Amino acid sequence: MRNLKWILSFVFVFICLISDAQIFFSEESQELGLSDSSWGQDENENYGGGISFFDFDNDGWDDLTVSSTTGLPVRFYKNNDGIFELINLSGINDELFQTKSVQWVDVDNDGDYDFFATSNQTTGDNRFYENIGDLTFVNTTETSGLSNPGHQSFGASWGDYNRDGFLDVFIVSRFFDSDTKFNTLYKNNGDGTFIDVSVEANLIQENSLSFCSAWIDYDKDGWQDIYISNDKTQNKNILYHNNQDGTFTDVAEAAGADLAIDAMSTTIGDYNNDGWLDIYVANTQQGNAFLKNNGDGTFTDVAPNNGTLFESVAWSSVFLDADHDKDLDLYVSASVNNTESGQLSAAFYKNNSNGLYAIPEGAGFEEDASISYSNAIGDVDNDGKYDIAVLNCLPDNVFLWKNETVTENNWIKIKLEGTESNRQGIGSLIELSINDEKQYNYTLCGEGYLGQNSSYEFFGIGEATEIDYITVYWLSGIIDVITNPEINATLTVIEGDPQLGTESFEEEKISIFPNPSDSEIHISGLENYVERTLKVMDLSGRVVQTMIVDDSEMTLNIARFKTGVYIVRLHTQKGSKHIKFMKM
């Protein structure tokens, strides 16, 4: 069977070489090492889980993280040059709990990714694990303030609503039997802790049965707004406009975005390249919605007319330019495995560049007949083409739809590194121009149904061999312009100094000696940390000592500490730094 698949793929490639190329994906999960990757489903849970297609170890290869059902650990698949390997990450999965969203986010701007997972168990809570710098993690759920036990959390979306340079998180709740558990906005205090600001932010204090949300600057005022998908027709979708003063106002009705459907998820993209962000909403009843941004604060649902209605049991969707022809195609997952019912199990919609979509023949998705919920996009082999990962329920493993489209179109991948803005560049708008023809991507963290896409933003540029410029509009207000970048390559844009490319800022070296020690340690290299807070934590995340750094070096008495490993965390206005020591 495997040989037959390779033969068919070869034949397809040959045909494409002698005729007009078309979009083609091949399901390669088992060949790429993704066995034992099903989410699972028991009789009490039929809403699936989430998947992340994100480079969690920052080695330039997109990894996969798969959520778990009750009694199973979260699974981490490291990408080794295009082949996945199931690995353990030190400090994570210290307890087994049912997870929904699984996300990697740099909450302290220290250059590595922390891990966050939501849970919809009434007896459990969310989990937050701080990365202390070497893929070793500390469970700081309680001290961070993100626990929220019994919340029945589903989707989480990260953005910087107050533009202070630190990522905040909006967590939604779908809790049928509660009058006290609502959607929650957590403000990042910049010191590893969060505070619930939902009431002061003027968020609706009602149970809306929300599945997912996404940050979006729908009116291009430079401040992040929030769009929320709500289940059941009595709970209309919500569009929170950011008032730029720490508060929000629901403007969904005035904007024409107050859909009354069984909305599962929201996906953000600019499908017509007009610079205004559009919203695709997955629905489990009577068709999906495609909210075209009119550019005047209002939206129009064009799904019934542009070919993307779907009319099945849809849960998640993702925009991607599969063939690098300069416009966004669309992939949709559904929880249907009986194709004889006439309902779609999944669909790939090609953008025909005129605002209309169609399902192309021979794209490879015809064999998809699984119960699917979450999906995400990344690049398995760094060939510049988006691949699609789909999380399925038992008995099916994850689908890894490898993009085998044969095309001579060119591309560029872009990764952002914020300095004044958050380190991941979340909430930035990227504009690409070729002969005055524009494209736009918006950076998100937590989107679709419980999904997380690659940190790289992909642009197809068609037959063009040069890009005039790329402009990045950061949340800080800084605007960076890169002229004539290299094509068919990856570009890292550093805020405030975009021409540095893949170079990084050099950090001060902090040292601790003696290490190990039984009485005291000496910390040096603190020049950039003067008048800042220093915290010492044990591996459970408990803070055992707090001090103020007022010099370039200091001595810390650790005689009273219990034997074990501790973490020194130094916090500045720009982020955090961690270093470990051992008390003998």
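Since we're looking at a predicted model, the values are computed, not measured.
Checked by atom type, the side-chain pair S208/N235 shows no donor-acceptor distance below 3.5 Å. Side-chain atoms of S372 and N392 include a donor-acceptor pair closer than 3.5 Å. N126 and S119 are not linked by any side-chain donor-acceptor pair at a separation below 3.5 angstrom, with hydrogens and angles left out of the test.
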I would like to know whether Y186 and N148 meet side-chain hydrogen bond (donor to acceptor under 3.5 Å, both in side chains); could you show each step before the answer? CA-CA 11 Å; Y186 288 98; N148 207 351; 2.9 Å; yes
Start with the C-alpha distance between Y440 and E431, add both sets of side-chain angles, then the distance that settles side-chain hydrogen bond (donor to acceptor under 3.5 Å, both in side chains), and finish with yes or no. CA-CA 5 Å; Y440 299 87; E431 176 186 281; 3.1 Å; yes
Would you please test N202 and T247 for side-chain hydrogen bond (donor to acceptor under 3.5 Å, both in side chains) and show each step? CA-CA 6 Å; N202 196 37; T247 68; 5.8 Å; no
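What you find for R75 and W39 is that their closest heavy atoms are NH2-CA, 4.1 Å. Considering every non-hydrogen atom in both V472 and S428, the closest pair reads CG1-CB, 4.2 Å. When all heavy atoms are compared, the tightest approach of N230 to K236 is ND2-O, 2.7 Å.
The closest side-chain heavy-atom distance from Q424 to S455 is not below 4.5 Å.
Taking a cutoff of 4.0 Å between a charged side-chain nitrogen and a carboxylate oxygen, E457 and K415 do not qualify as a salt bridge. Ionic pairing of K326 and E437 is present here: one or more N-O contacts between side-chain nitrogen and carboxylate oxygen are shorter than 4.0 angstrom. The existence of a salt bridge linking K350 and D323 is confirmed by a sub-4.0 Å separation between a basic side-chain nitrogen and an acidic carboxylate oxygen. A salt bridge does not link D108 to R569: none of the charged side-chain nitrogens sits closer than 4.0 Å to a carboxylate oxygen. Ion pair K385/D379 not flagged as a salt bridge, since none of the NZ, NE, NH1 or NH2 atoms sits closer than 4.0 Å to an Asp/Glu carboxylate oxygen.
For K220 and W276, the positive end sits near the middle of the six-membered ring, less than 6.0 Å away and at most 45° from its axis.
Ring centers of Y280 and Y331: at least 6.0 Å apart, outside the cut-off. Side-chain rings of Y240 and Y227 stay apart, their centers remaining 6.0 Å or farther from each other. Checked against the 6.0 Å centroid threshold, F25 and F348 count as a close aromatic pair. Ring centers of Y442 and W215: at least 6.0 Å apart, outside the cut-off. Ring centers of F458 and Y386: under 6.0 Å apart, within the cut-off. Between F137 and W104, the distance separating the two ring centers is shorter than 6.0 angstrom.
Under the side-chain contact (heavy atoms from CB on, under 4.5 Å) criterion, N294 pairs with K292, D296, T298, T300, sequence neighbours left out.
Under the 3.5 Å distance criterion, the side-chain polar atoms of S68 are left unmatched by any main-chain donor or acceptor of V66.
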